There are 2 protein chains.
Amino acid sequence: MVVRSLEHPERDAITIDGVLSALADPVRRSIVSQLADGHSEQACIAFDLPVTKSTSTHHFRVLREAGVITQRYRGTAIHNGLRREDLDWRFPGLLDSVLMAG
Amino acid sequence: MVVRSLEHPERDAITIDGVLSALADPVRRSIVSQLADGHSEQACIAFDLPVTKSTSTHHFRVLREAGVITQRYRGTAIHNGLRREDLDWRFPGLLDSVLMAG
DNA sequence: GCCGTAGTACGTTAGATGTCGTAGTACGAT
DNA sequence: ATCGTACTACGACATCTAACGTACTACGGC
């Protein structure tokens with residue numbers, strides 16, 4: 001059995017470039033919106049997205065590597081969470097303004 | 001002589017997708033930073049950018065079409081301005097948080 | 001063990017994007 | 001009218017990216 005761990009950038013290592021690029025995609029903003037809207041700690045499959053599963057994997061990965069979300073294995077599923085505090089600490093107001101925009 | 005006018009989106013027509021995509025590029029964020037930092041109403045050539053003039057034209061156009069900046073002819077030059085109020089009205093806090101990020 | 005579920009890996013494809021150079025236009029100054 | 005400056009248009013190129021399908025792995029339940 002392999003230890004299944006997923007790499008997350010440290011709080012300090014989150015870049016504005018990564019975050020803005022990640023949030024510049026409508027599918028990924030939809031993920032972030034749903035996370036902010038109570039879907040926290042849900043599996044990837046629980047999100048309502050207009051793309052196939054493999055494309056969805058890609059988007060979750062981009063968000064994680066940019067430092068926008070956390071992903072932790074729990075059985076076969078993954079718990080996704082928004083890195084609110086880290087984002088607010090790094091770029092105050094950014095997440096809120098994007099979430100407000102719908 | 002042709003009337004040289006440049007198309008700008010109406011305030012209402014500015015989209016979060018356009019703005020985030022525009023700001024997701026480091027060269028364009030540099031333009032926005034310099035505009036916010038006193039370079040307002042300067043010609044394109046007055047900006048310190050690590051790209052050629054034709055590439056610079058491209059980036060200014062992307063920013064204008066996204067509704068982030070204004071561009072008006074004045075002689076052979078162009079006056080560039082940040083659409084602070086429009087952006088604040090449309091997506092409160094977004095511009096400030098990006099500018100704070102450096 | 002076997003199956004189903006959740007997600008990944010990989011290759012492919014089509015389209016977008018950043019970059020450049022060259023050639024051209026519009027305007028002001030001389 | 002001629003020239004220089006500021007910017008644009010256009011084509012070329014390389015890279016990136018979003019999307020997909022198929023095949024695969026990891027885990028839980030039976």
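The chains referred to below are lettered A, B, ... by the order of the sequence lines, with proteins before strands, and numbering in each begins at 1. Owing to the predicted nature of the structure, the values given are computational and were not obtained by experimental measurement.
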Novice: Under 4.5 Å between any side-chain heavy atoms of A:V51 and A:H58, yes or no?
Specialist: no

Novice: Pairs in or reaching into residues 59-102 of chain A: which pass ring-ring contact (aromatic ring centres under 6.0 Å, His included), with residues at least two apart or in two chains?
Specialist: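 Pairs touching residues 59-102 of chain A that pass the test: A:F47-A:F60.
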
Novice: Would you say the side chain of B:L6 lies within less than 4.5 Å of the side chain of B:I78, judging by non-hydrogen atoms?
Specialist: yes

Novice: Would you say the side chain of A:L49 lies within less than 4.5 Å of the side chain of A:V27, judging by non-hydrogen atoms?
Specialist: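 Heavy-atom side-chain distance check passes, below 4.5 Å.
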
Novice: Tell me, please, which residues at least two apart from A:A43 pass side-chain contact (heavy atoms from CB on, under 4.5 Å).
Specialist: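 With sequence neighbours excluded, A:A43 shows a side-chain contact (heavy atoms from CB on, under 4.5 Å) to A:I45, A:A77, given in chain and number order.
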
Novice: Strictly by salt bridge (charged side-chain N to carboxylate O under 4.0 Å, His left out), give each pair with a member in residues 17-40 of chain A just once, sequence neighbours left out.
Specialist: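 Checked against salt bridge (charged side-chain N to carboxylate O under 4.0 Å, His left out) - neighbours excluded - the pairs reaching residues 17-40 of chain A are A:D17-B:R29, A:R29-B:D17.
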
Novice: For DNA chain C, which residues of residues 22-32 of chain B approach it to below 4.0 angstrom with any heavy atom?
Specialist: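 Output list: B:D25, B:R28.
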
Novice: Just the rounded figure in Å: distance from P of D:dT8 to CD of B:E65.
Specialist: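 It is 11 Å, rounded to the nearest whole Å.
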
Novice: What string of B, S and - do you get for nucleotides 6-11 of chain C 5' to 3' if you count protein non-hydrogen atoms under 4.0 Å?
Specialist: SBBB--

Novice: Rounded to the nearest Å, what distance is computed from the CG atom of residue A:L20 to the C1' atom of nucleotide C:dT17?
Specialist: 17 Å

Novice: Nearest-nucleotide wise, let me know which of A:R74 and A:S21 is further upstream toward the 5' end of DNA chain D.
Specialist: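 On the 5' side of the pair lies A:S21.
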
Novice: Partners of B:D88 by side-chain contact (heavy atoms from CB on, under 4.5 Å), sequence neighbours excluded?
Specialist: B:L95

Novice: Given atom CD of B:E7 and atom C1' of D:dT8, what is their separation to the nearest angstrom?
Specialist: 15 Å

Novice: Side chains of B:L99 and B:R84: does their closest heavy-atom pair fall under 4.5 Å?
Specialist: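 When only atoms from C-beta onward are counted, B:R84 and B:L99 do touch, with a gap below 4.5 Å.
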
